[in-house]
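Keep in mind that the numbers below use all heavy atoms, side chains included, and drop hydrogens, waters and symmetry copies. Letters A, B, ... mirror the listed sequences (proteins, then strands); counts begin at 1.
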2 protein chains.
Amino acid sequence: MPSATVENYLKCILMLSMDCDQSEVPMGLIANSLGVTPGTATTMMKNLQREKWLTYKSRKGVTLTSKGRRLGMKMIRRHRLLETFLVDTLGLDWSEIHDEAEELEHAISEKVLERLDVFLGNPQYDPHGHPIPTKGGVIRKLPQKNLLNLAMGKKVKIESILDQGSDFLKFAQKKGLMPGKLVEVIQRDEMADSVELQLEKKSKFSLGFKSAEKILVSG
Amino acid sequence: MPSATVENYLKCILMLSMDCDQSEVPMGLIANSLGVTPGTATTMMKNLQREKWLTYKSRKGVTLTSKGRRLGMKMIRRHRLLETFLVDTLGLDWSEIHDEAEELEHAISEKVLERLDVFLGNPQYDPHGHPIPTKGGVIRKLPQKNLLNLAMGKKVKIESILDQGSDFLKFAQKKGLMPGKLVEVIQRDEMADSVELQLEKKSKFSLGFKSAEKILVSG
DNA sequence: GTTTTTAGTTTGATTAATCAAAGTGCCGTA
DNA sequence: TACGGCACTTTGATTAATCAAACTAAAAAC
Ligand SMILES: [Mn+2]
Ligand SMILES: [Mn+2]
Ligand SMILES: [Mn+2]
Ligand SMILES: [Mn+2]
């Protein structure tokens, strides 16, 4: 019933509301992350409000209704299960699956998705370490710690990569920055805004603050 | 680049041109099999001609260009490989996959499709017994013989079912009319326009001429 | 407290796909 | 050869999604 466009908007708004976590998501973020002009976003929000997917306050932002949150969550589930399938079953590289899933998520039915979930063995995390919501719309929280806000000199496990960009993912893979790997921050240089890392059985290398913040860890 | 709509039109025109096999496909058939009004079909044909997918002769019909045939064939390949995946890998019923594949065929990329082909072991036929075109666009012809034009009293093998309707497919499955099964026409009643069939290890039953024509056989 | 900047809104236009309904060409039968 | 009917085409309108550019409100800067 909802178009692919509506599905994309709601998924996007839900994801923004989850990390920027205020109740209202501003137009700018939405327009920016979907690559449309601000005017398009404004117009769209009014239409989405008319169909009760969200509430819109002029010059404030939008808040999803529970109907809207439900659909947004369903899209995240579809996206992440599909990514898992593309990597685990078909053997694609984790840097090339995001855009594929971005299309397939609108074409796969509930029935096929649930079969796929069973076929994959009910995976809990996608290839980037992102939690897969349950069928009922429950999602685990991401760890708070990352390679920047972490205490130095402690071996931690990489849990999740927050950047979907294929260039960054290729780089991360080459360096071994992938979920499950153990890593230690051995130095931190405020002037150069970079941290020096040591991965098991690898040589040291350094990462800028901005990138370090995108690697979530636990332990 | 081509929209899902364009992809659907070209696949449809190619399929019509393959079985009605004249060089020109008339508007009526196209409009009818896509469920649009004749006016919509006419308008669309002009747009498709503008983009060199086909040539259109007013009140005659259309003929695909090689560019158009290539895309149409690609869509048939996608559709049938996806159907095969849905049945063989995910275990869906052959009566419920057509509509699913109808959507997925527009969302799957060339890259993912070729991986899927390898994963499935390069299947030659889809679950309904329809030949899957090669990557290069070559397709095997369907058998000419069916349960209506066949000589009586000869055991033949079912090759293909020409009806995608879920009701007919459910019925065919229940009766055992599926590719690979052996069947014999034991009687033919012109008055009742029906044929009586005997499948291996099954009780006899009869089928109307119209339905009998939709079951292709060989041997 | 003005002014400037930035973020967001409005307006008018465009494109793809569709329909209903009015109009037209052509083919077969009389 | 004229007529009627069917298949097809044209026209005018609608819907969803988008943009550019003019406009406006609210927050920062001065
Ligand atoms: Mn998407
Ligand atoms: Mn992911
Ligand atoms: Mn389709
Ligand atoms: Mn099929």
Side-chain angles (χ1 to χ4, degrees), chain A residues 1-13 16-17 20 22-64 67-68 71-72 75 99 102-103 105-107, chain B residues 1-13 16-17 20 22-64 67-68 71-72 75 99 102-103 105-107:
Chain A
M1 181 118 310
S3 67
T5 305
V6 168
E7 291 180 337
N8 280 335
Y9 274 92
L10 294 176
K11 173 160 67 89
C12 166
I13 293 165
L16 290 171
S17 79
C20 302
Q22 288 136 130
S23 69
E24 256 137 16
V25 181
M27 282 318 99
L29 287 183
I30 298 167
N32 196 46
S33 62
L34 288 170
V36 296
T37 61
T40 301
T42 300
T43 307
M44 198 65 194
M45 291 312 111
K46 291 182 180 167
N47 298 332
L48 293 175
Q49 171 161 63
R50 187 167 34 75
E51 317 213 352
K52 305 272 201 309
W53 296 109
L54 46 75
T55 58
Y56 164 68
K57 290 212 196 91
S58 190
R59 304 200 122 91
K60 280 285 164 53
V62 295
T63 312
L64 293 181
K67 178 186 172 195
L71 180 54
M75 295 316 296
D99 295 348
E102 202 58 55
E103 297 303 317
E105 66 189 6
H106 310 291
Chain B
M1 183 112 313
S3 67
T5 305
V6 168
E7 291 179 339
N8 280 334
Y9 274 92
L10 294 176
K11 172 159 68 89
C12 166
I13 292 165
L16 290 171
S17 78
C20 301
Q22 288 135 128
S23 70
E24 254 136 19
V25 182
M27 283 316 101
L29 287 183
I30 297 167
N32 196 46
S33 62
L34 288 171
V36 297
T37 61
T40 300
T42 300
T43 307
M44 198 66 194
M45 291 313 110
K46 290 183 181 166
N47 298 332
L48 293 176
Q49 172 160 61
R50 187 167 33 76
E51 318 215 350
K52 307 269 202 307
W53 297 110
L54 46 75
T55 57
Y56 164 67
K57 290 214 196 91
S58 192
R59 286 171 206 271
K60 280 282 161 56
V62 295
T63 312
L64 293 182
K67 178 187 171 193
L71 180 54
M75 295 316 296
D99 295 348
E102 201 58 55
E103 297 302 318
E105 67 189 5
H106 310 291

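- Atom OG of B:Ser33 and atom NZ of B:Lys11 lie 10.0 Å apart (nearest 0.5 Å).
- Taking atom CE of B:Met45 as the reference point, atom C1' of C:dA17 lies 12 Å away to the nearest angstrom.
- Put simply, B:Ser3 has a side-chain N or O that comes within less than 4.0 Å of OP1 or OP2 on C:dA17.
- Here the nucleotide nearest the side chain of A:Arg59, chosen from C:dT24, C:dA20, C:dG8, is C:dG8.
- The side chain of A:Pro38 has C:dT9 as its nearest neighbour among C:dT9, D:dA17, C:dT10.
- Taking every side-chain heavy atom of B:Met44 into account, C:dA17 is the closest of D:dT18, C:dA20, C:dA17.
- Atom pair A:Leu29:CG and C:dG8:C1' shows a separation of 13 Å (rounding to whole Å applied).
- In the set C:dC19, D:dA17, D:dC8, the nucleotide with an atom closest to the side chain of B:Tyr56 is D:dC8.
- Nearest nucleotide to the side chain of B:Pro26, out of C:dG8, C:dT18, D:dC8: D:dC8.
- With DNA chain D read from its 5' end, the first of the two nearest nucleotides for A:Gly39 and B:Lys60 is the one closest to B:Lys60.
- Within the 4.0 angstrom heavy-atom criterion, base atoms lie near A:Thr40.
- Out of D:dA17, C:dG8, C:dT10, the shortest distance to the side chain of A:Lys46 is found at C:dT10.
- Within the 4.0 Å cut-off from OP1 or OP2 of C:dA16, not a single side-chain nitrogen or oxygen of B:Tyr9 is found.
- One finds no side-chain N or O of A:Thr42 lying less than 4.0 angstrom from the OP1 or OP2 phosphate oxygen of C:dG8.
- Rounded to a whole Å, the CD1 atom of A:Ile30 is 14 Å from the C1' atom of C:dT9.
- Remark: A:Leu48 CG to A:Ile13 CD1 distance equals 6.0 Å, nearest 0.5 Å.
- When the P atom of C:dC26 is taken as reference, atom CD of B:Glu24 falls 14 Å away, rounded to whole Å.
- As rounded to whole Å, 13 Å separates atom C1' of C:dA17 from atom CG of B:Leu34.
- Taking atom CG of A:Asn32 as the reference point, atom C1' of C:dG8 lies 14 Å away to the nearest angstrom.
- One atom, CZ of B:Arg50, and another, P of C:dT15, lie 10 Å apart when rounded to the nearest Å.
- Rounded to whole Å, the distance from CG on B:Asn47 to C1' on C:dT15 is 11 Å.
- Between the CG atom in A:Leu34 and the OG1 atom in A:Thr5 there is a gap of 9.5 Å [rounded to 0.5 Å].
- A:Gly28 comes within 4.0 angstrom of sugar-phosphate atoms only, judged by non-hydrogen atoms across all strands, and of no base.
- Rounded to the nearest 0.5 angstrom, B:Tyr56 OH and B:Met27 CE are separated by 5.5 Å.
- Of the residues A:Lys57, A:Arg59, A:Lys60, the one that meets the salt bridge (charged side-chain N to carboxylate O under 4.0 Å, His left out) test with A:Glu24 is A:Lys57.
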